Amino acid sequence: MRIALLGYGKMGKTIEEIAINRGHEIVLKLEEDIDTFEIDKMDIDVAIDFSIPKAAFKNITTCFKNNIPVVCGTTGWLDDYEKAVEICKKEDAAFIYASNFSVGVNLFFELNRKLAKIMNGMKDYAVEIEEIHHTQKQDAPSGTAISLAQQIITENDQKNNWQLDHAEADEIPIKAKRIENVPGTHSVSYKSQIDTIEIMHTAKSREGFALGAVVAAEWIKEKKGIFSMKDVLSDQIK
Ligand SMILES: NC(=O)C1=CN([C@@H]2O[C@H](COP(=O)(O)OP(=O)(O)OC[C@H]3O[C@@H](n4cnc5c(N)ncnc54)[C@H](O)[C@@H]3O)[C@@H](O)[C@H]2O)C=CC1
Ligand SMILES: O=C(O)C1=N[C@H](C(=O)O)C[C@H](O)C1
């Protein structure tokens with residue numbers, strides 16, 4: 001596959017290594033405005049966007065307009081997600097966004113959903129999410145923490161929203177910590193006066209995120225439409 005990397009930072013470089021090992025070719029390493037490249041002439045099979053929040057929407061929609069399928073892992077731009085979906089449909093293109101591409105976190109999402117269902121109505125327990133990332137991260141809370149909160153909100157009759165740090169009774173508090181070199185740690189805890197129930201995912205490196213993004217790119221190459229990582233992993237995660 002001929003892959004365009006939209007964003008060539010920590011994730012772009014890890015994806016490059018894995019993609020080449022899987023027999024793909026990197027034909028573009030974008031670190032600036034996408035308009036400076038004639039991507040319509042580059043014969044790109046799939047674009048993988050791990051850039052920055054303010055560049056993601058333009059990168060992605062430029063690809064849709066040039067009939068290039070997009071895998072996007074950039075977080076912190078989701079206010080424009082619905083607009084991107086509309087453009088994708090209008091252009092008959094293909095799109096996968098995931099706040100987290102690792103298989104481990106997608107298993108963790110399933111666990112979170114099930115635990116949220118069990119804990120719904122357990123009034124002695126207060127739910128809380130914590131995420132820890134490296135100090136260069138531009139957005140807070142992490143996209144993964146927002147996905148975890150949205151899953152809990154779907155299952156929990158008492159919670160309608162999430163809030164960074166201090167939350168009202170109907171909100172889930174998310175704590176975001178920044179510590180040098182941490183690739184990504186997420187926990188969901190339910191605390192009562194007498195005990196705590198906690199689930200946690202700890203990424204040991206960026207390899208899982210990058211491998212998931214390359215697998216998603218291989219999966220979406222010949223498809224049209226809007227997909228999720230759950231679609232990509234449907235054979236593995238029931
Ligand atoms: N969904 C997932 O599984 C994961 C998502 N992420 C997200 O991916 C994004 C990138 O993460 P990192 O690689 O760690 O960040 P990074 O800061 O190392 O890399 C970002 C790159 O984007 C480039 N860039 C700046 N302006 C650009 C533009 N207009 N077009 C294209 N590229 C541009 C920068 O030069 C930089 O090289 C973040 O939003 C992060 O939250 C990170 C890890 C996993
Ligand atoms: O910025 C990162 O590094 C990460 N971002 C993603 C997020 O915001 O959830 C995924 C992963 O945790 C690493």
Side-chain angles (χ1 to χ4, degrees), residues 3-19 26 28-37 39 44 47-63 68 70-81 95-109 112 129-151 162 164 174-188 200-217 227-230 232-233:
I3 298 176
L5 294 177
L6 313 182
Y8 190 59
K10 292 181 284 301
M11 279 302 294
K13 291 184 176 96
T14 313
I15 289 168
E16 175 183 38
E17 205 181 314
I18 289 173
I26 306 300
L28 173 64
K29 299 170 187 175
L30 184 72
E31 290 192 84
E32 57 192 283
D33 197 303
I34 198 163
D35 284 349
T36 53
F37 289 86
I39 62 161
I44 295 164
I48 304 182
D49 186 295
F50 281 79
S51 60
I52 54 171
K54 71 172 191 274
F57 178 77
K58 186 172 178 190
N59 289 347
I60 293 164
T61 52
T62 302
C63 290
I68 300 168
V70 177
V71 169
C72 175
T74 305
T75 53
W77 67 278
L78 284 194
D79 288 350
D80 288 329
Y81 176 79
F95 184 36
I96 296 181
Y97 164 77
S99 60
N100 202 304
F101 278 93
S102 82
V103 172
V105 163
N106 282 276
L107 288 166
F108 187 65
F109 284 153
N112 179 52
I129 296 172
E130 182 179 279
E131 55 102 336
I132 311 173
H133 285 87
H134 52 93
T135 48
Q136 296 99 53
K137 186 160 176 62
Q138 291 195 6
D139 53 320
S142 67
T144 306
I146 294 172
S147 299
L148 290 165
Q150 285 166 340
Q151 290 182 323
W162 57 264
L164 196 57
I174 304 181
K175 295 197 171 133
K177 293 187 180 164
R178 297 292 172 257
I179 298 173
E180 208 64 24
N181 297 328
V182 174
T185 300
H186 293 89
S187 63
V188 179
M200 180 183 282
H201 178 272
T202 308
K204 295 181 179 175
S205 71
R206 293 184 173 80
E207 193 181 327
F209 312 139
L211 176 61
V214 175
V215 168
F227 304 99
S228 69
M229 204 49 191
K230 209 168 167 162
V232 179
L233 298 174

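Only a predicted model underlies this, so the values are computations on that prediction, with no experimental measurement involved. Counting starts at 1 for both ligands and their atoms, following the listed order. These numbers come from the heavy atoms of this one structure, side chains and all, not from hydrogens, waters or symmetry mates.
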### Query
Closest approach of Val71 and Ala216, non-hydrogen atoms and distance?
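Heavy-atom minimum between the residues: CG2-C, 3.9 Å.
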### Message
Which heavy atom of Ala213 sits nearest to which heavy atom of Ile15, and what is that distance?
### Response
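Closest approach of Ala213 to Ile15, heavy atoms only: CB-CD1, 4.2 Å.
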For the atom pair [atom1] ([X]) and [atom2] ([Y]), what is the distance rounded to the nearest 0.5 Å?
X	Y	atom1	atom2	answer
Ile146	Leu78	CD1	CG	6.5 Å
Leu148	Phe109	CG	CZ	5.0 Å
Arg178	Thr135	CZ	OG1	9.5 Å
Ile96	Ser228	CD1	OG	7.5 Å
Thr185	His201	OG1	NE2	8.5 Å
His186	Thr144	NE2	OG1	4.0 Å

Using a heavy-atom cut-off of under 4.0 Å, does the side chain or the backbone of [X] touch ligand 1, or both, or neither?
X	answer
Pro53	neither
Asp49	neither
Tyr8	backbone
Ala98	backbone
Gln136	neither

For [X], take its heavy atoms, then give the atoms of ligand 1 lying under 4.0 Å from any of them.
X	result
Ser99	1 (N), 2 (C), 3 (O)
Gly7	22 (O), 31 (C), 32 (N)
Glu32	28 (C), 29 (N), 30 (N), 31 (C)
Gly73	1 (N), 2 (C), 4 (C), 5 (C), 6 (N), 7 (C), 8 (O)
Thr74	8 (O), 39 (O)
Asn59	30 (N), 31 (C)
Lys137	41 (O)
Phe209	3 (O), 43 (C), 44 (C)

### Task
May I ask whether Ile52 has any heavy atom positioned less than 4.0 angstrom from an atom of ligand 1?
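Within the 4.0 Å threshold, so yes.
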Of the protein's non-hydrogen atoms, which lies at the shortest distance from [atom], and what is that distance?
atom	value
atom 3 (O) of ligand 1	Phe101 N, 2.9 Å
atom 21 (C) of ligand 1	Gly9 N, 3.8 Å
atom 14 (O) of ligand 1	Lys10 CE, 3.4 Å
atom 4 (C) of ligand 1	Phe50 CE2, 3.4 Å
atom 43 (C) of ligand 1	Met11 CG, 3.5 Å
atom 35 (O) of ligand 1	Glu31 OE1, 3.6 Å
atom 39 (O) of ligand 1	Thr75 N, 3.1 Å
atom 38 (C) of ligand 1	Ser51 O, 3.9 Å

#### Entry: Result of checking Glu130, Glu131, His133 against Lys177 for side chain to side chain donor-acceptor pair (under 3.5 Å)
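Exactly one option meets the side chain to side chain donor-acceptor pair (under 3.5 Å) with Lys177, and it is Glu130.
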#### Entry: Min side-chain heavy-atom separation Phe37-Leu28 under 4.5 Å
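Contact flag for Phe37/Leu28 side chains = yes.
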### Message
Just to verify, what does Glu207 make a side-chain contact (heavy atoms from CB on, under 4.5 Å) with, not counting sequence neighbours?
### Response
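Scan of Glu207 (side-chain contact (heavy atoms from CB on, under 4.5 Å), adjacent residues dropped) gives Ile18, Ser205.
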### Query
Looking at residues at least two apart in the chain, or sitting in another chain, which of them share a side-chain contact (heavy atoms from CB on, under 4.5 Å) with Leu233?
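Checked Leu233 against side-chain contact (heavy atoms from CB on, under 4.5 Å); matches are Val103, Asn106, Met229, Gln236, Ile237.
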#### Entry: Close-range residues for ligand 2, whose non-hydrogen atoms fall below the 4.0 Å threshold
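Residue list for ligand 2: Thr75, Ser99, Asn100, His133, His134, Lys137, Ser142, Gly143, Thr144, Pro183, His186, Phe209.
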### Message
Please verify the inter-ring angle class for Phe50 with Phe101; under 30° counts as parallel, over 60° as perpendicular, anything in between as tilted.
### Response
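Plane angle between 30° and 60°, so tilted.
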### Message
Has Lys175 got a side-chain atom pairing as donor or acceptor with Leu164's backbone, closer than 3.5 angstrom?
### Response
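No, because the side chain of Lys175 does not come within donor-acceptor range (under 3.5 Å) of the backbone of Leu164.
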Please tabulate, one pair per line, all N/O donor-acceptor pairs under 3.5 Å involving side-chain atoms of residues 52-63, not counting sequence neighbours.
residue, atom, partner, partner atom, Å
Lys58, NZ, Asp33, OD1, 3.0
Lys58, NZ, Asp33, OD2, 3.1
Lys58, NZ, Asp35, OD2, 3.0
Asn59, ND2, Asp49, OD2, 2.9
Asn59, ND2, Ser51, OG, 3.4
Asn59, ND2, Ala55, O, 3.4
Thr61, OG1, Phe57, O, 2.8
Thr61, OG1, Lys58, O, 3.4
Thr62, OG1, Lys58, O, 2.6

### Residue Lys10 excluded, over 12 heavy atoms near NZ under 6.0 Å
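Atom NZ in Lys10 is packed in, count exceeds 12.
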